[in-house]
Every structure is written in C-alpha cells, then in structure tokens.
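All remarks here apply to the structure that follows.
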Amino acid sequence: MFEYELHQIRSAELIREAQNHRLVREALRLRRNARNARKAAAGPPDTEGQSASHSNRPRRPRFARAA
C-alpha cells in the first residue's frame with residue numbers, strides 16, 4: 001500500500017510539472033507572437049546606406065578548411 005501512495009504522489013507531481021511546463025511554453029509563444037506583431041506593425045527596416053548583397057551566399061565559408 002505504501003508503494004501505491006508513493007506512486008500516486010509522484011504521479012500528481014509529474015502532472016503539476018507538465019502543467020507548469022505547458023503554461024511556460026504558452027507564455028513564451030504569446031510573447032514571441034506579440035514581438036513579431038510589433039515588428040510587422042513597425043514596417044520594413046530602414047536599410048538606407050547599407051549595401052545589399054548581390055547573392056545569397058554567406059560572407060565566409062561555413063566550415064574551416066581541412067589542413
């Protein structure tokens with residue numbers, strides 16, 4: 001009977017942790033959506049004076065050369 005009670009306690013604890021994790025994920029998702037909405041409402045960024053790249057290649061190679 002003691003093991004069953006320990007199992008019930010652990011189960012309730014895991015359920016509380018999962019609910020807390022879901023709540024944190026939801027809060028982060030809402031913050032990210034609000035931030036993206038603010039950026040979208042602000043309009044396109046001002047790029048005056050900055051040269052645009054003529055290609056989509058990165059400036060440097062992704063990996064260093066092998067010796």
Side-chain angles (χ1 to χ4, degrees):
M1 199 64 176
F2 181 71
E3 291 85 8
Y4 178 73
E5 290 176 7
L6 285 178
H7 173 72
Q8 292 290 76
I9 291 170
R10 180 68 178 146
S11 176
E13 182 181 337
L14 288 173
I15 290 170
R16 281 191 300 271
E17 286 182 15
Q19 182 62 30
N20 188 36
H21 184 69
R22 283 191 292 271
L23 184 64
V24 168
R25 274 195 333 220
E26 178 72 14
L28 289 174
R29 186 180 62 80
L30 290 173
R31 286 176 59 189
R32 184 172 46 244
N33 288 345
R35 184 175 57 238
N36 290 341
R38 281 194 308 269
K39 285 182 181 179
D46 184 23
T47 58
E48 185 177 334
Q50 297 177 359
S51 63
S53 176
H54 64 279
S55 70
N56 291 331
R57 275 188 9 193
R59 291 179 60 129
R60 288 193 274 179
R62 176 175 270 177
F63 302 107
R65 290 187 191 177

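This chain uses plain numbering: 1 for the first residue, then up along the sequence.
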>> Test: side chain to side chain donor-acceptor pair (under 3.5 Å). Region: residues 22-33. Which pairs qualify, not counting sequence neighbours?
In response: Gln19-Arg22, Glu26-Arg29

> Quick one: side chain to side chain contact (heavy atoms under 4.5 Å, CB included) partners of Arg65, sequence neighbours excluded?
Replying inline: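 If we apply the side chain to side chain contact (heavy atoms under 4.5 Å, CB included) test to Arg65, skipping adjacent residues, there are no hits.
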
>> Taking side chain to side chain contact (heavy atoms under 4.5 Å, CB included) as the definition, give me every residue that meets it alongside Glu13, ordered by chain and number, with sequence neighbours left out.
In response: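 Glu13: side chain to side chain contact (heavy atoms under 4.5 Å, CB included) contacts with Arg10, Arg16, Glu17.
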
> Who else is in the cluster with Leu28 when I, L, V, M, F, W and Y are joined by side-chain contacts under 4.5 Å?
Replying inline: Val24

> Other than Leu6, what residues sit in its cluster of Ile, Leu, Val, Met, Phe, Trp and Tyr side chains whose heavy atoms are under 4.5 Å apart, directly or through others?
Replying inline: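 Grouped by the 4.5 Å side-chain rule, Phe2 form the rest of the cluster around Leu6.
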
>> For Glu3, give me all partners under side-chain hydrogen bond (donor to acceptor under 3.5 Å, both in side chains), at least two apart in sequence or on another chain.
In response: none

